[in-house]
Amino acid sequence: MAVNILRNIDVKNAKYSAKVNRISDGNGLYLRINKSGTKSFDHRLLRDRKTIWISLGVYDNELTLKAARDLNTSVKSIFSDGYGVDMVKSALKRTKVPTEVSKLVLGLKQTDAPLTDEMTFQQMHEAWHAYKAPSWKNPVHRHQAMRNIAHYCYPHFGNMPVSKVTDMDIVRALEPIWVEKHETAMRIKQWLGKIFEMAATAKYKLVTTNPARFSTEFLLTDVKKSENHQPSVHYEKAPDLWAAVDTKPNSVMLSVVATKVVLLTAKRAGEVIGMRWQDIDLERAVWAVYDPAMTKTGQPHRCPLPREAVELLTALKPITGNRELVFYKPKSKANRIALDVPRKTLQSAWGGRDVSAHGTRHTLKTWSMEVGYRAELSEMQLSHEEQGIQAVYNDADYLKDRTVMMQHWADYLTGAAPLDERNRI
C-alpha cells in the first residue's frame, strides 16, 4: 500500500527552490513548484532506466492533493499494463477524471471521438501493440512487432499524423528491405494493415482508407519465393562449422556459448536466447520448459543437454546464475543478448558464407536420418510435433532416446565420433 507523505498544508506552503523544485508524495507522485510560484502535480515513470515526467494537472485550478493522488494511481496502473506515454498524455489533455482516463486509454468503452485529432503513427502503433501484445504468447513475436516497425517505419512516418500516412510512405519504408529481408518486410506490411484497421474503428475514426492494403505488384520488386528459407551447412561440414566457432578470435563469451548451445541442441535461436536458469537442471542434464509462453509452438518441451552443453552452462552460471536469464546482458532493453547473435556469430566464424542459426536444425535432421535414427526423435527434438503437457509427464517425448541421439550429435560435432558411425540405439 502506498504511503503518502505530503499534507494539504505542505502543498499550500511549498516554495520554489533552485535546488529542489519537486517534492515526492510517494507512489510516483510529485508536487512541482515552478519559479513563477504556480504548482502542479507530476507522475514519475521509470522506463528503460530513464525517468519520464508526466504532467497530471495544475494544483488548485485543476487538481486537489486528493484528486492528484487518485489520478496518479490510475495513471500508474495504466503504465503497468504497458501502454505508451503519448497515449496517456493525450488522454490527460481531455480529462482529469481517473476513470475517464482509464476508459480512453484502455478502451473499456467505445468513445465517439478519437484521443486526439493529431495522433501520430507512433502513438497509434503503441496503442495497437499495447492492445494486442497480451494475446501473443510468444515473447519474440511481441518484441518484433514493436522493434521492427519502430526501426523500419518510424524514420519515414513515425511523427506524421496517422491520417496523413499514404501507401507511398509505406513503400519507401519497405523498399530497402523488400528483397534482402522479404519475410520481415511482408510481416511488417501485415502489421501495418492491422494498425490502420484499428485507426479506422469507431473509437478513433482517424482514417477512412487503409494505406497498407495496396498491391505490391507494380510498387515493389517481384520476389520469387525460395525453397530454402534458411541457409544451412551440410552435415558433413558441421564439425568444421563447430571448429570455426570454437576458434573464432575476439569472441564474446555469451555470444559463443549461446551459439554453441544452438548447435548442440538444434533448438530455435529465440528459445535459446530466452533460456531461464529455473528451467535448467544441470545434474540431470535437461532443459525443461513447461511455460507455453516461452516456446514458439506454445507447447512445453524437454530438451536433453549433451555433456558439452552442460559444461558450457556450468561455466556460465557463476556469471549470470543470479539472474533469471541465462544470457543476461546488462544495459540492454530486453536484459539479454540480441536474438540475432547466434546467426551473426555463425556467419562471422564461417567467413560470411551461407549459414544461419535456424539452418542448423535442418543439418541435424538430415544427419539423424542418414545415420539411422527414427524420424520421431528428430521431429520431437525440433518441436515439429506438438507435445502436450501429458506427453511430457508420461515420457512420450522420447527423452531417453533423444538423450542418446543428441550426445551422439555432440560427439560428431566436436570430432569425438566419426561420420560413418551408425545410430547408438
Side-chain angles (χ1 to χ4, degrees), residues 43 45 47 52 54-57 71 74-75 77-79 81-136 141-175 184-216 219-220:
H43 173 77
L45 172 66
R47 183 163 286 182
I52 302 173
I54 312 297
S55 177
L56 301 179
L71 183 57
S74 180
V75 167
S77 176
I78 292 170
F79 282 132
D81 288 335
Y83 284 81
V85 172
D86 289 334
M87 291 295 297
V88 173
K89 285 183 176 180
S90 63
L92 288 169
K93 288 180 181 179
R94 296 190 60 189
T95 179
K96 303 298 181 183
V97 179
T99 55
E100 291 301 315
V101 171
S102 296
K103 288 175 182 178
L104 285 171
V105 178
L106 305 181
L108 299 181
K109 72 175 184 179
Q110 294 295 320
T111 57
D112 294 331
L115 295 181
T116 169
D117 292 335
E118 295 301 317
M119 193 171 189
T120 65
F121 171 80
Q122 179 176 341
Q123 291 173 323
M124 194 71 243
H125 173 221
E126 290 177 349
W128 169 81
H129 190 271
Y131 175 74
K132 294 294 295 183
S135 66
W136 294 328
H141 189 75
R142 290 196 296 269
H143 171 75
Q144 290 178 339
M146 174 55 74
R147 185 266 180 193
N148 286 354
I149 290 178
H151 182 72
Y152 294 113
C153 298
Y154 284 8
H156 293 272
F157 50 86
N159 292 326
M160 289 176 58
V162 68
S163 60
K164 302 297 183 183
V165 179
T166 68
D167 53 359
M168 290 309 299
D169 292 318
I170 296 173
V171 168
R172 281 188 285 271
L174 297 181
E175 197 168 25
T184 298
M186 285 291 293
R187 194 174 297 115
I188 290 174
K189 186 174 182 294
Q190 293 172 355
W191 285 331
L192 291 176
K194 294 297 183 182
I195 293 171
F196 286 104
E197 277 185 18
M198 186 171 177
T201 61
K203 178 178 180 180
Y204 297 96
K205 294 182 179 180
L206 292 174
V207 299
T208 55
T209 59
N210 192 326
R213 298 298 190 203
F214 60 87
S215 172
T216 62
L219 295 176
L220 290 162

If we only count heavy atoms from C-beta on, is the [X] to [Y] side-chain gap below 4.5 Å?
X	Y	answer
Val88	His43	no
Asp169	Pro211	no
Met160	Tyr154	no
Leu219	Met168	yes
Phe196	Phe121	yes

Does the [X] side chain pair with the main chain of [Y], one donor and one acceptor, at a distance under 3.5 Å?
X	Y	value
Lys96	Leu92	yes
Lys203	Met198	no
Ser77	Ser74	no

Pairwise distance [atom1]([X]) to [atom2]([Y]) - rounded to 0.5 angstrom:
X	Y	atom1	atom2	value
Lys194	Gln190	NZ	CD	9.0 Å
Leu192	Arg187	CG	CZ	13.0 Å
Ile170	Leu220	CD1	CG	10.5 Å
Met146	His129	CE	NE2	4.5 Å
Cys153	Lys189	SG	NZ	12.0 Å
Ile195	Asn210	CD1	CG	10.0 Å

Only one of Ile149, Thr120, Val162 forms a side chain to side chain contact (heavy atoms under 4.5 Å, CB included) with His125, so which one is it?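 Going through Ile149, Thr120, Val162 one by one, the side chain to side chain contact (heavy atoms under 4.5 Å, CB included) with His125 is satisfied by Ile149 alone.
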
Work out which heavy atom in [X] is nearest to a heavy atom in [Y]; give both atom names and the distance.
X	Y	result
Trp191	Gln144	CZ3-O, 3.6 Å
Lys132	Ser135	O-OG, 2.7 Å
Pro155	Ala150	CD-O, 3.6 Å
Ile78	Val101	CD1-CG1, 3.8 Å

Lys NZ or Arg CZ of Lys164 over Phe157 ring: under 6.0 Å, within 45°: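 Judged by the rule (NZ or CZ under 6.0 Å from the ring centre, within 45° of its axis), Lys164 is not positioned above Phe157.
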
Is a salt bridge present between Asp86 and Lys89, judged by a nitrogen-to-oxygen distance below 4.0 Å?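 Looking at Asp86 and Lys89, the cut-off is not met.
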
Test side chain to side chain contact (heavy atoms under 4.5 Å, CB included) on Tyr152 and Arg147 and set out the steps. CA-CA 9 Å; Tyr152 294 113; Arg147 185 266 180 193; 4.2 Å; yes

